[in-house]
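Values below: every heavy atom of this structure, side chains too, minus hydrogens, waters and symmetry copies. Chain letters run A, B, ... following the sequence lines, proteins first, then strands; residues in each count from 1.
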2 protein chains.
Amino acid sequence: MKNNIKQLREQFDLTQEDLAKEIGVSRQTIISLEKERYSPSIILAFKLAKLFNCQIENIFIYEEN
Amino acid sequence: MKNNIKQLREQFDLTQEDLAKEIGVSRQTIISLEKERYSPSIILAFKLAKLFNCQIENIFIYEEN
DNA sequence: ATTTAACGTAAAGTGTACTTTACATTAATA
DNA sequence: TATTAATGTAAAGTACACTTTACGTTAAAT
């Protein structure tokens, strides 16, 4: 599961901590997501999509298998 | 988190077990999702979207708070 | 040279998505 | 009425998303 969180976050001029607070998760969660250490819950994906004003599919790129 | 899984599954003429096998989860997972007992991982959401040939946002309806 | 903001790592703990097993219920069909 | 397919419930276990804490690194600003 790839994602554009870092680029989007920078486009919106947010620090990792800003973003974490905006969507109500820890900074660690943002770091781990940007480093693609795990894929998020769908709830977190929806929160990011809402904040970045786009579709989940524009943030996360699903790779089969 | 609401969803249309049951309706979509029936449109595609699949049993819960069929659907479970198609996307590689247990039947219990399908039951729990249809009963909206929990919200899925984004990976599961992507698998469903692919199978049903639509966007995640067309299957799952995010309600804030 | 020191401080500070932003980013990063590591590791242990908690909550929850998902599995597994076993059994109950309903409706259709022989 | 007995069988079978599909759906459901309950409960214990496993995997992993996410938190918390504590500390390290880098670059910019004072």
Side-chain angles (χ1 to χ4, degrees):
Chain A
M1 181 75 50
K2 303 222 163 188
N3 72 69
N4 317 1
I5 297 177
K6 182 168 186 174
Q7 300 91 291
L8 285 163
R9 175 174 65 78
E10 288 169 349
Q11 283 175 34
F12 279 73
D13 208 17
L14 298 169
T15 67
Q16 292 177 334
E17 191 162 13
D18 291 338
L19 178 54
K21 280 180 185 162
E22 285 279 353
I23 60 182
V25 295
S26 68
R27 189 170 64 91
Q28 262 313 312
T29 294
I30 302 301
I31 290 173
S32 294
L33 281 179
E34 289 190 358
K35 294 281 168 187
E36 291 171 347
R37 285 200 242 274
Y38 56 66
S39 42
S41 68
I42 197 180
I43 291 180
L44 182 38
F46 266 109
K47 286 180 181 169
L48 288 164
K50 190 188 175 201
L51 180 63
F52 292 141
N53 197 34
C54 66
Q55 305 262 99
I56 289 177
E57 289 84 350
N58 295 325
I59 305 178
F60 296 93
I61 294 91
Y62 175 57
E63 302 157 310
E64 345 228 336
N65 313 323
Chain B
M1 181 74 53
K2 303 220 164 190
N3 71 69
N4 316 0
I5 296 177
K6 182 167 186 175
Q7 300 90 291
L8 285 163
R9 175 174 63 77
E10 287 169 349
Q11 282 175 35
F12 280 73
D13 208 18
L14 297 170
T15 66
Q16 293 177 336
E17 192 163 13
D18 289 338
L19 178 54
K21 280 180 185 162
E22 285 278 353
I23 61 182
V25 296
S26 69
R27 189 169 65 92
Q28 261 314 311
T29 294
I30 302 301
I31 290 174
S32 294
L33 282 179
E34 289 189 358
K35 294 281 169 187
E36 290 171 350
R37 284 202 243 273
Y38 53 68
S39 41
S41 66
I42 196 180
I43 291 180
L44 182 38
F46 265 109
K47 286 180 182 170
L48 287 164
K50 190 190 174 201
L51 180 63
F52 292 141
N53 197 33
C54 65
Q55 305 261 98
I56 288 176
E57 289 84 352
N58 295 326
I59 305 179
F60 296 94
I61 295 92
Y62 175 58
E63 302 158 308
E64 346 228 335
N65 313 323

Rounding to an integer number of Å, can you tell me how far Leu33(B) CG sits from dT16(C) C1'? 13 Å

If we ignore hydrogens and angles and just use 3.5 Å, is the side chain of Asn4(B) paired with the main-chain N or O of Asn58(B) as donor and acceptor? yes

Is Thr15(B) touching bases, backbone alone, or none of the nucleic acid, heavy atoms closer than 4.0 Å? sugar-phosphate

Between P of dA17(C) and CD of Glu34(B), the distance in whole Å: 17 Å

Note, Ile23(A) side chain near Phe46(A) side chain (heavy atom, < 4.5 Å): no

Do side-chain atoms of Glu17(B) reach the backbone of Arg27(B) as a donor and acceptor pair under 3.5 angstrom? no

Taken to the nearest whole Å, CD1/Ile30(B) to P/dT19(C) is 8 Å

Round to a whole Å and report the spacing from CD of Glu10(A) to P of dA6(C). 13 Å

Separation of dT7(D) atom P from Lys21(B) atom NZ, nearest Å, is 13 Å

Hey, is the side chain of Thr29(B) poking within less than 4.0 Å of OP1 or OP2 on dC18(C), counting only N and O atoms? no

Using a 4.5 Å cut-off on heavy atoms from C-beta on, say whether the side chain of Glu57(A) contacts that of Tyr62(A). no

In whole angstroms, the gap separating P of dC7(C) from CD of Gln16(A) amounts to 5 Å

Using side-chain heavy atoms (C-beta onward) and a distance below 4.5 Å, is Ile31(A) in contact with Gln28(A)? yes

So, the side chain of Arg9(A) versus the backbone of Leu14(A): is there a donor-acceptor pair under 3.5 Å, distance only? yes

So, do Leu48(B) and Phe60(B) sit near enough that their side-chain heavy atoms are less than 4.5 Å apart? yes

Of all of residues 41-52 of chain B, which get a heavy atom below 4.0 angstrom from DNA chain D, listed by number? none

Just to be sure I understand the rule, does Ser39(A) reach a base, reach only the sugar-phosphate, or reach nothing, if contact means heavy atoms closer than 4.0 Å? sugar-phosphate

Within a strict 4.5 Å, meaning less than it, do heavy atoms of the Leu19(A) and Leu51(A) side chains meet? yes

Can you tell me how far P of dA17(C) sits from CG of Asn3(B), to the nearest Å? 13 Å

Whole angstrom value for the distance that separates P of dC18(D) from CG of Leu19(A): 13 Å

Let me see the working for Thr29(B) and Ser32(B) under side chain to side chain donor-acceptor pair (under 3.5 Å), right down to the final yes or no. CA-CA 5 Å; Thr29(B) 294; Ser32(B) 294; over 6 Å; no

With 3.5 Å as the limit, what N/O pairs link the protein to nucleotides 9-13 of chain C?
residue : atom : partner  : partner atom : Å
dT9(C)  : OP2  : Arg37(A) : NH2          : 2.4
dT9(C)  : O4   : Gln28(A) : NE2          : 2.5
dA10(C) : N6   : Gln28(A) : NE2          : 3.3

